[in-house]
Asker: 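This structure is in structure tokens; I'll ask about it shortly.
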Amino acid sequence: MKIYVPLDSAAKALGADELAQAVADEANSRGLKIELIRNGSRGMVWLEPLVEVDRGTGRQAYGAVQLCDVPALLDGTLSSLGAVEDIPFFAKQTRITFARCGVIDPLNLEDYKAQGGLLGLNRALSMVEQDIIDEVTKSGLRGRGGAGFPTGIKWNTVLGAKADQKYIVCNADEGDSGTFADRMLIEGDPFCLIEGMIIAGLGVGATQGYIYLRSEYPDAMSVMNKAIKQALDVGLLGANVLGSGRIFYLEVRVGAGAYVCGEETSLLNSLEGKRGVVRAKPPLPALEGLFGKPTVVNNVLSLATVPVIFEKGAAFYKDFGIGRSRGTTALQIAGNVAHGGLFEVPFGIPLGELITDICGGTASGKPVKAVQVGGPLGAYMPPEKFDTLIGYEEFDAAGGLIGHAGVVVFDDTTDMLSMARFAMEFCAIESCGKCTPCRIGAVRGVETIDRIAAGDATAKELLTDLCDTMRDGSLCALGGFTPYPVMSALTQFPDDFVSKVEAST
Amino acid sequence: MRPPHDQPTDAAILDIIAQTQSREGPLLPMLHDLQGTFGYVPQAAVPLLAQTLNISAAEVHGVLSFYHDFKGAPAGRHVIKICRAEACQAVGANDLAEATLAKLGLQWHGTTANGSVTIEPVYCLGLCACGPAAMVDGKVIGRVDTGRMAQILEEVDV
Ligand SMILES: Cc1cc2nc3c(=O)[nH]c(=O)nc-3n(C[C@H](O)[C@H](O)[C@H](O)COP(=O)(O)O)c2cc1C
Ligand code: SF4
Ligand code: FES
């Protein structure tokens, strides 16, 4: 009997480690032989810890399993959710980037290979550099870290740059509230990221990779380091990648709690051991990146999607999606939501369908007031905008952005003035300090919102002006996009921007 | 009053620095290792790092002060990080944080008088679909309400 208990952080946060121990102990005391597998998460966080049991007739899911359920789980009397693949939230997905996540033992390379792992790399090893780049370009893959820049074009620039050393840097800083897909992928399928980074290295001629992982993710760090060590031991990484004579080394570097270090040039400074101050562009990191050398900086999901593009072909990937948003997006639904988790689908699903039909609305049962899409720099969308299709251009047209595809749900008890204030406060805390509109503007923004709350209605105009200045005058999107949540709150929820003094008397 | 702590010796600091010296861009790994060993980055490490890396002490200090993670003094014996970011706010993180700080009579970053616990804010732990989220000495905890927090505080002996 095989029993799968996730090692994913969200599952652990809901008791998966204690549960795994209890399962092992109970089996032991019964003299029952079981194989306990710590898999990644299937992404249905409201069902975690989601345990799967395979009694030889396929995997049956149970969730959320409590410690007191363990005897019944082993007796076979606990009521099952059926196969994961038949749970509606899962059945409606198209798992491409996350195809293996939660299915395999993340640290078992044989499991990985049995599920299509390394097929993409083997194909890429037989291709010349330009063909590798062209394959990525043809897939239509765009950066999943936020800006949506075409990955193939970025790689092509790095390929074209002549240098004695080039780098592949994976951005695993995942600082946006409401996002956890990078973490899930690393904890659930780390070899996929390794494979994607090696292919990137082959494509542009880089032999060294770094994964810049935020310090808030100690569990992901542990899984990733174990996977890299194994990959080195078996010759997947190192001086002779799979016996091809090609070189690729990989190292994890840990961030130090600065949100702005997710911005690629700040990240590069941080990797070099400097303050994480944003660099002016040009020069592009693709030409002068880490230690001044041509560097690919890509998000975890961008890189982890590369192997399947090589395994199944660019056309396979490109067939999914709408408009210029090709392939799938790994939506992360969080906050006050009944069924939160990771939902991978082709671009093009309406926001409202996601929130209402798939995720079941709020957890509190109260009406949705707003959803914030794209992290702390993303706009608040009221239910009136729920017909917006999830796609880069579609969200832009609706005055928002999809960013790293985090979707945070708020119920009608939320005070949008407080949320706008928090956006400014967060910007003030995390500003790198390089430019004035952000460094000073964010602090003034908090004050101005406090004036509105104190009953000074003229401060609204001031706030609007300030947001214009920040948007137009900031060097990077931290200062430049903080106006999105602030102004979307102000313009769409004017009733919340009234004196809190009167309201409370 | 915090319990007094022994100042690490230069030799102990240099030992740690030496471990990552051959890496590219080693300053952050060095600072992490120092903090991992001592619980904070000792002031005495600044000139030693500067010398080893051939940069000014001001530059080391600049890096040290830029990042929220690095501390100049030891924290409490246990560190509880409470997520303050939006997804956790949507499920009551503000109330949880306020109640916790009030109960302990602390501000953010504060340490209890008996030195047992420090409360830090954190902006997202990647547990946004099971908030409010917290991290206790590196261990993740989801759906933390005031009851669960009381239990956590009891476990860390406040
Ligand atoms: C303030 C700020 C924070 C960012 N944080 C992240 C992050 O955590 N992860 C990420 O992949 N990209 C982040 N980005 C976007 C990166 O600058 C960059 O566009 C991305 O890493 C490029 O990779 P991609 O093309 O694969 O998306 C951030 C940008 C800004 C302005
Ligand atoms: S906008 Fe803010 S974070 Fe970005 S470069 Fe300017 S000061 Fe730094
Ligand atoms: S917002 Fe709290 S864990 Fe992400």
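Below, chains carry the letters A, B, ... as their sequence lines are ordered, and counting in each starts from 1.
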Asker: If I measure from the heavy atoms of chain B, does A:Q208 come under 4.5 Å with its side chain, its backbone, both, or neither?
Answerer: side chain

Asker: Considering only heavy atoms and a distance below 4.5 Å, find which of B:P29, B:C124, B:P26 pairs most often with chain A.
Answerer: B:C124

Asker: By a 4.5 Å heavy-atom criterion (distance strictly below it), what part of A:V254 contacts chain B: side chain, backbone, both, or neither?
Answerer: both

Asker: To the nearest 0.5 angstrom, please state how far the CD atom of B:E59 sits from the CZ atom of A:R275.
Answerer: 10.0 Å

Asker: A:V408 versus chain B, heavy atoms under 4.5 Å apart: side chain, backbone, both or neither?
Answerer: side chain

Asker: Checking A:E425 against chain B: side chain, backbone, both or neither under 4.5 Å from a heavy atom?
Answerer: side chain

Asker: If the threshold is 4.0 Å, N to carboxylate O, is there a salt bridge linking B:E24 and A:K293?
Answerer: no

Asker: Taking atom CZ of A:F180 and atom SG of B:C130, what is their separation to the nearest 0.5 Å?
Answerer: 8.5 Å

Asker: A side-chain contact here means heavy atoms from C-beta on lying under 4.5 Å apart; do A:Y259 and B:Y123 qualify?
Answerer: no

Asker: Which bit of A:D411 is near chain B, if near means a heavy-atom gap under 4.5 Å: side chain, backbone, both or neither?
Answerer: neither

Asker: Kindly say whether B:A87 contributes a backbone atom to a donor-acceptor pair with the side chain of A:S177 at under 3.5 angstrom?
Answerer: yes

Asker: If you count heavy-atom pairs under 4.5 Å between each of A:P485, A:G257, A:G375 and chain B, which one has the most?
Answerer: A:G257

Asker: Going by heavy atoms in the side chains, are B:F66 and A:V260 under 4.5 Å from each other?
Answerer: yes

Asker: Taking CD in B:E155 as the centre, count heavy atoms belonging to other residues, nucleotides or ligands within less than 6.0 Å. Is the count above 12?
Answerer: yes

Asker: Would the distance check show the side chain of B:H32 and the main-chain N or O of A:S215 forming a donor-acceptor pair, the cut-off being under 3.5 Å?
Answerer: no

Asker: In Å and rounded to the nearest 0.5 Å, what is the OG to CG distance from A:S9 to B:L125?
Answerer: 9.0 Å

Asker: Could you give me the CA-CA distance, side-chain angles and deciding distance for A:I429 and B:H68, then say whether side-chain contact (heavy atoms from CB on, under 4.5 Å) is met?
Answerer: CA-CA 10 Å; A:I429 294 170; B:H68 302 300; 4.0 Å; yes

Asker: Answer with side chain, backbone, both or neither: which region of B:K139 has an atom nearer than 4.5 Å to a non-hydrogen atom of chain A?
Answerer: side chain

Asker: Around atom CD of B:Q43, are there more than 12 heavy atoms from other residues, nucleotides or ligands closer than 6.0 Å?
Answerer: no

Asker: List the steps, then state whether side-chain contact (heavy atoms from CB on, under 4.5 Å) holds for A:F410 with B:E86.
Answerer: CA-CA 9 Å; A:F410 296 85; B:E86 289 90 339; 4.0 Å; yes

Asker: Identify which part of A:V277 has an atom lying under 4.5 Å from any heavy atom of chain B, answering side chain, backbone, both or neither.
Answerer: both

Asker: Which atoms of B:V63 are under 4.5 Å from chain A, going by heavy atoms: the side chain, the backbone, both sets, or neither?
Answerer: both

Asker: Taking side chain as everything from C-beta outward and backbone as N, CA, C, O, which of these in A:C261 sits under 4.5 Å from a heavy atom of chain B? Side chain, backbone, both or neither.
Answerer: side chain

Asker: Please examine the side chains of A:S270 and B:L28, heavy atoms only from C-beta on, and report whether any two atoms are closer than 4.5 Å.
Answerer: yes

Asker: For the pair B:Y67 (side chain) and A:G276 (backbone), establish whether a donor and an acceptor sit closer than 3.5 Å, ignoring hydrogens and angles.
Answerer: yes

Asker: What distance do A:E272 atom CD and B:L27 atom CG have between them, rounded to the nearest 0.5 Å?
Answerer: 12.0 Å

Asker: Could you measure the distance from the CG atom of A:N336 to the CD atom of B:Q89? Nearest 0.5 Å is fine.
Answerer: 12.5 Å

Asker: Relative to chain B, which of A:K274, A:R253, A:R214, A:M419 shows the most heavy atom pairs under 4.5 Å?
Answerer: A:R253

